[in-house]
Structures are given as structure tokens and as C-alpha cells.
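To start, the structure under review is shown below, and the notes come after it.
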Number of protein chains: 4
Amino acid sequence: MPADDLTQRRRREIADAAALTFAEQGYHATGIADIAQRLGIGHGTFYRYFKNKRDILEYVLDEVTVRLGEVLAAEDPTSTTTLEEYRAQVERIGTGLFQLFGDEPAIARLFYVEGVGADHEFSEKWMDLQGAFAAVTGAYLQNGVDRGFLPADLDVEVSARAVNGMIFAALLAVIRDPDPAAETERWVAGITRIMFAGIA
Amino acid sequence: MPADDLTQRRRREIADAAALTFAEQGYHATGIADIAQRLGIGHGTFYRYFKNKRDILEYVLDEVTVRLGEVLAAEDPTSTTTLEEYRAQVERIGTGLFQLFGDEPAIARLFYVEGVGADHEFSEKWMDLQGAFAAVTGAYLQNGVDRGFLPADLDVEVSARAVNGMIFAALLAVIRDPDPAAETERWVAGITRIMFAGIA
Amino acid sequence: MPADDLTQRRRREIADAAALTFAEQGYHATGIADIAQRLGIGHGTFYRYFKNKRDILEYVLDEVTVRLGEVLAAEDPTSTTTLEEYRAQVERIGTGLFQLFGDEPAIARLFYVEGVGADHEFSEKWMDLQGAFAAVTGAYLQNGVDRGFLPADLDVEVSARAVNGMIFAALLAVIRDPDPAAETERWVAGITRIMFAGIA
Amino acid sequence: MPADDLTQRRRREIADAAALTFAEQGYHATGIADIAQRLGIGHGTFYRYFKNKRDILEYVLDEVTVRLGEVLAAEDPTSTTTLEEYRAQVERIGTGLFQLFGDEPAIARLFYVEGVGADHEFSEKWMDLQGAFAAVTGAYLQNGVDRGFLPADLDVEVSARAVNGMIFAALLAVIRDPDPAAETERWVAGITRIMFAGIA
DNA sequence: GATGAATGAGGTTTCATTCAT
DNA sequence: AATGAATGAAACCTCATTCAT
């Protein structure tokens, strides 16, 4: 376990450096040597912890996926019974997401920008992932429809995509902000408003 | 005109082939030779029409930007005086966007996925562009606020980003659909509903 | 003959442009297109007058060789019978060479610098040519030895090379001068002095 | 020291191979692959030691320049007070130069032929260098004039160029000789004779 | 376990040359 | 005869990956 534990810590370290460098320079413009240099290790060492360059991108993005999943899993889609409860839930999730990416804008940038077209195979995976997230959001909406606090004729799939799209756009705007965390409340409020009442 | 015209036609031809290939294989995985082969021309010929590989990506994406701009410019942000008029306008714009990308899903994919992280400098440009589109959407919203058919306390910037985000997410979903055009109405309806009334 | 004559004029025109461009940019850095552009002709036209790029370099350098030969052939190596006569002859030849290259420094530069290492095969040829010129100079010296106005123990071959080397170095210095012609007399005097009396 | 020392040794090895290959095939006709193959190394390895193809040419020629400088710097231009001393000095320098290039004719060929027109920028540099060498030779001559063992009316600049030109021509002839070293004495004697007494 | 020297596949780009118009 | 669009050989160079130390 200790060795394994050390290995995990090292992987994490390298992954962090990689994420930062990818976000700063772009995936293709980043060489393994750049990552190693940032850590002050030999670039051969990289290959003791990751199979190849693609592997580390996958690792980083999988990590993000897991963390996103954790934010979503902190809530139970079927637990709410009223619109008010759901609205509160949405605000908690939204705040969670903004915090997650606001703390590490480099990760957000990598996940939503630099990593997207890094590799065709990964693009596919990324789009699948958006589908998976839409499914999660859809589960919340479906619960509302089932419970009757959301209209029966709501197009759940479309709405789920739309809601996620709003969050995506918001994150994209926020990661360029010098102090992302400060903007969280405003964005969550703005999006929640549209989500529950529209712009009108 | 003849020579120049021919040159333009050739550029267009090559750009189309490039867009298709980039969309299929990814920007970095695509070699100039792949594009040339698709057209049945020598790869040296490519360089008679484009300065380099990055040049053609820029050309294709600028073209898309122009076309997006045309769809948006077809409407006048200040022309609407009632919510109903605005809603109709939004539906026209939304339909226009879906048609634009529905007809050429490869372009959409390139614009929203494969091209995004192709190059760090381009990522920056792409994010700027999202800002510009948000500004356009914001102009429509601001008009509503000014005319009084949208609430005075609407956070225009946030809302504009959010609306664009919904459209983005919708397009992303639709381009993977075998028959994107068929889905247009459903998506436009779903997004408009949220936009004007929220999910509730 | 008229057609042929025109062809010759055209060749000369192209060759002049080529020589100028080679001298300005270097042989390898010069493209056929550069030469054609300077003349305002299509670059395909070049190939109606010269077989290929190497061909024109050869043509230009052969032309120079011929002209050099003419300067040397204007005098008869065996015609002089006294040192004084020979000295006068040397001064005439030297002045002729300086005029030749002083009028067209680009040619000189091409012949002695840009063209030298343009191509390995040409380097060889160029060195052979230096040998040929040495032989000519040697003939003059040998005449002096034979006639008795030059010492019998003069190493003709070495001396011939040395004399030519002085001229070469002088030309090299002069072609960088803004007004080469003005310097002719000084250089001819300086070299003749060493040649006939040494530096002492 | 070990790593750096090894690096220097490797650079030298590669530079030697490059010089040989350039001299044999010409600069432009030589590919990096040719140099690598000669050494039995991968061509990527080349780029660990030299930035690019031009870099190695510059390195080799700078090295030659340094060595030439060392030969010249072995003597002190102001140390001689009589013509005899100077003559002895000239013979030492001449012998040194012949030995330098006689030992490595490939270097000489590269320096005086193949490298000269390799690149326009380098041609300029090469001509500047000839000027610098002329200045050194000029310093020796000026000393003679100042000390009174050379005539006051000697055109130092012209004479310096001329002397260097003789040496250049001699080297050019000698490097094509199968056994250059054997010829040294003859050439040094021949040139010194002209230099101090002229051909007469 | 760490290192970094070595490697070579792979891709971009140039430009001399051809040839149909 | 003149043109310039098309071509593809050829060369440079990068950098992910391997592996001996």
C-alpha cells in the first residue's frame, strides 16, 4: 500500500502539472518535457506513471468527470417533491459546479476547451459524456414530471440539454474572469431564474 | 474576375474537403495529404490556395462565423416592441441556426468540437467569439428591457450567455442525429419554452 | 536567324536578371519565379530558354569565363621581350579585369562568391577554371623565363597561382566598394608593385 | 564537466562528419540524414547537438576561423624590427596555415569553396571575415612601415589583401593535391619570394 | 526508481519542372 | 510562343516513446 499510495500521489502531481500546462499552452503544443520540467523531474519519469500522452489527458478528464459526478451525486434526483425543493436543489448543484471549476479554472478550461478537440476519439468520448450529464439532469426533470411539480408535456431530453448548456456557457464565461468565485452567486441566480421562470 | 473567381471556387472546394476531413478525423490527425487525396489533387496544390494548415482552419471557421453573423444580422435587435414579436424573432433565429448547422453537420462539429482545442491561439479566438455572440444576444435582450417587455432587473449578460448556451447544447446534440433537420422544430420549441417560461 | 537571334537576346536578358538575383539573394535562395518576376514574364517561359536552374548558372558563369578569356586573349603571352613590356602588359590586363568586374559587380560576386559553392559539381568546375587561368598566367611567366627577363629559377606554377590570387582578393574587396571603378588604378598599382618588386 | 564534456565531444564528432560530408557532396546536396548515416546515428540525434543545418555549418566555419586566428595570433605583429625577422615570421605563419589546412583538406575545401555560397547571409559573413584577415595582415605590414623596414609609400590595405589572396590561391591549389603537406615548402617559398622580391 | 540520450515515424512545406491551354 | 496551375520529390525538423545506465 505505501508504494501504491506513493504512486497515486505521484500520478496526481503529474496530472496536476499536465492539466495546468495543457490549459496554458494547449494539448498539442504541450510536450511531455514541458510537464516534466514544470515538476523538475526527468521526462522519462513521466512514463513510469502514465502509459503515454493521451493517457494523461484521459486521466485528468476522467478525474474531472468523477468530481462532476460527485457534485451531482450529492443530491438525489428522486428526493424532491415540490418545485421549491427542486429549485433549492438546483441552486445547490449549480453552486457546487461553480465552486468546482471556479477553484481550478485550468481544469475547466481543459475540460471545456483545450481538451475538446485534442483527439478525435476523445471528442467522441466528450460528446458521449455530455449525453451522460444530460441524462442525469433529465432524471431530475423526470422526477418533477412524475411528481407533478413540473408540467407533463415538458420535453425532458431537450430541456435537460438546454439546462446543461446554460451551465456550460456560464462556466466558459466565468473561467476567463480573474476572480471566478466572486461571480458564482450572480450566475447561479441568473440561470436559475431563466430555468424556472424564463426571461419574461 | 475569371482567374480570381476560379481561385475562389477552388479555395471553397478545398475548404469544404478540409472541413469534412477535420470533422471526420480531427484536426491534428488530418494531414494535408488526406485533404488533397479526398479531392484527387496533389498535396502541393493545397499550398497554392492556402498558406498552411492553420490557414485553412481559420478560413473555414471564419466562414462559419460570417454565416452565423448573417443569420443573426437577418433580424434587427431593436425592431421588436412586444414579447410576442420577440418570441417570433427568437424562433426565426433559432430555426436559422439549426438549418445552418443541420445542413452541414461537419461544419458544426468542426466549429464546436474538433476545432475548439486545435490550437491554443485559436481557443482564445473561439472564446472571444462566444463573447461576441453573447453580446449580440444581449442586444436583443437589452431591447426588451428598454422597451419594457422584459423585466428591468433581468441580468442581460448572464441571460445572453445562458440562451446561447442552450442553443450550443442543442446543436451539439443534433449534429450527432442522423437526420438533424427533422429535429429542428422540437429543439426550437423546447428551448423557446424554457427561454420564455422556464421549465415550470 | 531572326528567330534564333531573338532567342539569343532573350537568353541574355534572362541570364542578366538571373545573375542579378543570384548575386542579391544567393543561388539557392533564388527561385525561378523570382527571376521571372524581375523580368515580368511567366516563370514557365524561363524553361523555353534554359533547360533548368543549373543551366542558367552555368550559362552565366560560362559567359563570364568567356569574357575573362577575352581580356586575357587581348594580349599575346609570347609577344613581350622585356620586363618593361611585360609590366605594361600586366597593367593592361589588370585594368581590363577590374573594368570587367567593376562595371558589373553582381557578376563578380556571383562568380567569386555566390556561385562557388552553389553546387558540388560546379565547385569542381570552378576549381578547374582557376587552374586554367593559372595556366594562362603561367604562360606569360614562362615566356619571361624563356626570354630571359624573368629569373630561370622562378616557380612558374606557384607564381601564376599567387598572381591570380592577388587579383582575386583585390576583386573581392572592390566589389563591395560603392564605386569600384574609381579604385581600379590604386589596386592595379598596388598589385603590380608587389608582383614586380615585392613589398620591400 | 562529464555531461558537458561528453556533449562537446559529440558535437565535435558530428561537426567533423558534417564537414567531411559537406566537402564531399556540397552543403546543399548534403542532408542531415547523410551526416547521421556517416556516424551511424539516428538523424534525430543530430538535432540534440545542433539547432539546425545552418547551425552546424556556422559551427564548423567558426571553428576554422578560431584556428586560423590562433595561427595568426601565435605571432606578434609588432615584434619584428628588421625585414629579415619579418620574412622569417611570414614563413612561420605561412607554414602554419598550410599545415592547418593540409592536415584537413576537407575543412579547407569547406571554408574556401563549398561553404562560401551556401547561404547568402553566410557569404556576407565570409567576406567580412576576409576583411578581418586582411586587417591582421595589414597590421604586420604597418609595423614594417612604422619601423622603417618597409617603404613608407606601401599601400598597406591593398598589399594586405594581395598577400592574403596569394595564400588563398595557394591553399586552393594545394587541397586538390593528393599529398598537400609535401607541397608546403614549395608554396611557402614561392609566395615569400614574390612577397619580398617580386617575380623579377 | 529515475533519468535523459537516442531514435525515427510522421508531417509540413518548398519549389523546380511539366504541360495543357 | 507564353503562361501559370498542378505536381510530388525531397528535405527539414519535432517530439512521443524506449531503454541502458
Side-chain angles (χ1 to χ4, degrees), chain A residues 3 6-7 10 14 27-37 39-57, chain B residues 2-3 6-7 10 14 27-37 39-56, chain C residues 3 6-7 10 14 27-37 39-57, chain D residues 2-3 6-7 10 14 27-37 39-56:
Chain A
L6 203 62
T7 297
R10 220 88 167 73
I14 295 172
Y27 174 72
H28 278 100
T30 297
I32 297 298
D34 297 324
I35 300 168
Q37 195 170 33
L39 289 165
I41 63 172
H43 68 272
T45 307
F46 171 91
Y47 288 91
R48 300 199 64 76
Y49 295 93
F50 291 95
K51 212 167 69 231
N52 52 37
K53 191 179 173 184
R54 211 185 169 280
D55 192 29
I56 202 169
L57 179 62
Chain B
L6 205 61
T7 296
R10 217 90 172 70
I14 294 172
Y27 174 73
H28 278 101
T30 298
I32 298 300
D34 297 324
I35 299 168
Q37 197 168 35
L39 289 165
I41 63 173
H43 68 275
T45 306
F46 172 91
Y47 288 94
R48 291 188 58 75
Y49 294 92
F50 291 95
K51 214 169 65 238
N52 51 39
K53 191 179 172 182
R54 209 184 172 279
D55 192 30
I56 201 169
Chain C
L6 202 64
T7 296
R10 219 87 167 72
I14 295 172
Y27 175 73
H28 278 101
T30 297
I32 297 298
D34 296 324
I35 300 168
Q37 195 170 35
L39 289 166
I41 63 171
H43 67 272
T45 307
F46 171 91
Y47 287 91
R48 299 198 65 77
Y49 295 93
F50 291 95
K51 211 168 70 232
N52 53 37
K53 190 180 174 183
R54 213 187 167 277
D55 191 30
I56 201 168
L57 179 62
Chain D
L6 206 61
T7 296
R10 217 91 172 69
I14 295 172
Y27 174 72
H28 277 101
T30 298
I32 298 300
D34 297 323
I35 300 168
Q37 196 167 36
L39 289 165
I41 63 173
H43 69 274
T45 305
F46 171 91
Y47 289 94
R48 291 188 56 76
Y49 295 93
F50 292 95
K51 215 170 64 236
N52 52 38
K53 192 179 171 182
R54 209 184 173 281
D55 192 30
I56 201 169

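So you know, we letter chains A, B, ... as the sequences are listed, proteins then strands, and number each from 1.
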task = Could you tell me which residues satisfy side-chain contact (heavy atoms from CB on, under 4.5 Å) with D:H43, sequence neighbours excluded, listed by chain and number?
result =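 So D:H43 forms a side-chain contact (heavy atoms from CB on, under 4.5 Å) with D:I32, D:A36.
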Checklist entry - Touch check for D:F50, heavy atoms < 4.0 angstrom, all strands: base, sugar-phosphate only, or nothing? => result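 If one applies the 4.0 Å heavy-atom cut-off, D:F50 turns out to touch nothing in the nucleic acid.
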Output the rounded distance in Å from [atom1] ([X]) to [atom2] ([N]).
X     : N      : atom1 : atom2 : answer
C:R10 : F:dA1  : CZ    : C1'   : 9 Å
A:L39 : E:dA2  : CG    : C1'   : 14 Å
C:L6  : F:dA2  : CG    : C1'   : 13 Å
B:Q37 : E:dG11 : CD    : P     : 12 Å

* Among B:I56, B:D55, B:N52, B:L39, find the one that has a side-chain contact (heavy atoms from CB on, under 4.5 Å) with B:F46. =>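 Filter result, single survivor: B:I56.
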In B/S/- notation (B base, S sugar-phosphate only, - none; protein heavy atoms under 4.0 Å), nucleotides 14-21 of chain E written 5' to 3' is B-SBB---
query: Side chains of C:I41 and C:R48: closer than 4.5 Å at any heavy-atom pair?
result: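 When only atoms from C-beta onward are counted, C:R48 and C:I41 do not touch, as no gap falls below 4.5 Å.
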Looking at CZ of B:R10 and CZ of B:F50, how far apart are the two atoms once the value is rounded to the nearest 0.5 Å?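 Reported to 0.5 Å precision, the distance equals 11.0 Å.
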Review point. What stems, by residue range, does DNA chain E take part in, given at least 3 consecutive Watson-Crick or G-U pairs under 3.5 Å?
Key: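 For DNA chain E the paired stretches long enough to count as stems (3 pairs minimum) are E:2-21 with F:2-21.
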So does C:Y49 get a side-chain nitrogen or oxygen closer than 4.0 Å to the phosphate oxygens (OP1/OP2) of F:dA2?
->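 So the side-chain polar atoms of C:Y49 do come within 4.0 Å of the phosphate oxygens OP1 or OP2 of F:dA2, strictly under.
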| said: Strictly distance-based, threshold 3.5 Å: is any side-chain N or O of C:K53 a donor or acceptor partner for the main-chain N or O of C:Y27? | reply: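 Yes, because the side chain of C:K53 sits within donor-acceptor range (under 3.5 Å) of the backbone of C:Y27.
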